[in-house]
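To start, the structure itself, in structure tokens.
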Amino acid sequence: MRTMFVAGNWKMNKTIAETRELLSALKAGLNDLQGVERVVCPPFVSLAAAHELLAGTNIGLGAQNMHWEEKGAFTGEVSSGMLKELCGYVILGHSERRTYFGETDETVNKKLLAAQKAGLIPIVCVGETLAQYEAGQTAEVVSSQTRAGLQGVSAEFASQIVVAYEPVWAIGTGKASSAENAQGVHAVIRQVLTELFGAETAQAIRILYGGSVTATNAAEFFSQPDIDGALVGGASLKVDDFVGIVSQSQIAKGE
Ligand code: 13P
């Protein structure tokens, strides 16, 4: 049985002061909820403050990106070793990074291998654009992103990886995928993971849905057999919404 996993991707939101405020409220709101792995991913500059605030709590900390090299002349970049001092997770290959910052399956793979080396748990994002969705290419696109992104990863590490299916057309649009559609895509991803790493490892990997998840629609996603949680954008910035989503994940799996 996979432990449910809910992560908040704050994107480019919240100053350090605002981060402290939101985390204090989240700590109180999430304290009594058990059986769900929950992670927040604030911007880089807030990670140190968040690390201090979250010490001793059951809320994990993640970054939103990193570079694949360990150090060197890469102005503006952050390495796995720098993150490892502060957090346990890192989002890789988010569609906004693919769209606006030239992220490719190849760079996602390099970063994933760097995360493996550093012992950071990656949340690897895949998902099709609206044009690809309308052309019926979803299965093909997410399969190839998954294969290319996870190339060369050990089965032992693979079992710890978290995959997030985020259809680009559902991100920030208020138009979430139907739970049935998402379940179908998650089943495709799990099949690819089975081919790559074997059934036992594939069954252990959490696959999250992301794209306009709210406290209202979360339960429907979480009741699907291959949906193991959510990667939440906008709703992760509001205490009640994020706490609501985490608590839905408890109810959905009968905790
Ligand atoms: P929204 O929840 O705002 O649609 O964003 C989803 C997302 O991109 C999380 O990584």
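Order of appearance sets the numbers: ligands from 1, and atoms from 1 within every ligand. Atom set for the values below is all heavy atoms of this structure, side chains included, hydrogens, waters and symmetry mates excluded.
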Identified side-chain contact (heavy atoms from CB on, under 4.5 Å) counterpart of V243 within the set V246, V239, D240: V239
Quick check: G172 and ligand 1, any N/O pair under 3.5 Å apart? yes
I'd like to know if the side chain of Q145 pairs up with that of D105 as donor and acceptor (distance under 3.5 Å, no hydrogens or angles considered). no
Give the contacting part of I171 toward ligand 1: side chain, backbone, both or neither, where contact means a heavy-atom distance below 4.0 Å. both
Can you find a non-hydrogen atom of A170 under 4.0 Å from ligand 1? yes
Near L231, which atoms of ligand 1 are under 4.0 Å from a heavy atom of that residue? 9 (C), 10 (O)
Which heavy atom of Q64 sits nearest to which heavy atom of M12, and what is that distance? OE1-N, 4.5 Å
With heavy-atom distances below 4.5 Å as the criterion, would you say the side chains of W10 and E18 are in contact? no
Short list, please: which atoms of ligand 1 are under 4.0 Å from a heavy atom of G234? 1 (P), 2 (O), 3 (O)
Go through the side-chain N and O atoms of Q203 and R190 and say whether any donor and acceptor fall under 3.5 Å apart. no
Go through ligand 1 atom by atom and flag the ones less than 4.0 Å from a non-hydrogen atom of E166. 6 (C), 7 (C), 8 (O), 9 (C), 10 (O)
Test of proximity, K11 against ligand 1: N or O pairs below 3.5 Å: yes
Are any of the N or O atoms of S212 closer than 3.5 Å to those of ligand 1? yes
Is G211 close enough to touch ligand 1? Criterion: a residue heavy atom under 4.0 Å from a ligand atom. yes
Does a side-chain heavy-atom distance below 4.5 Å link S212 with K175? no
Out of I123, T99, I171, which residue meets the side-chain contact (heavy atoms from CB on, under 4.5 Å) rule with H94? I171
What protein heavy atom is closest to atom 2 (O) of ligand 1, reported as residue, atom name and distance in Å? G233 N, 2.9 Å
To the nearest 0.5 Å, what is the distance between CG on L61 and NE2 on H51? 8.0 Å
Answer with side chain, backbone, both or neither: which part of C125 has a heavy atom less than 4.0 angstrom from an atom of ligand 1? neither
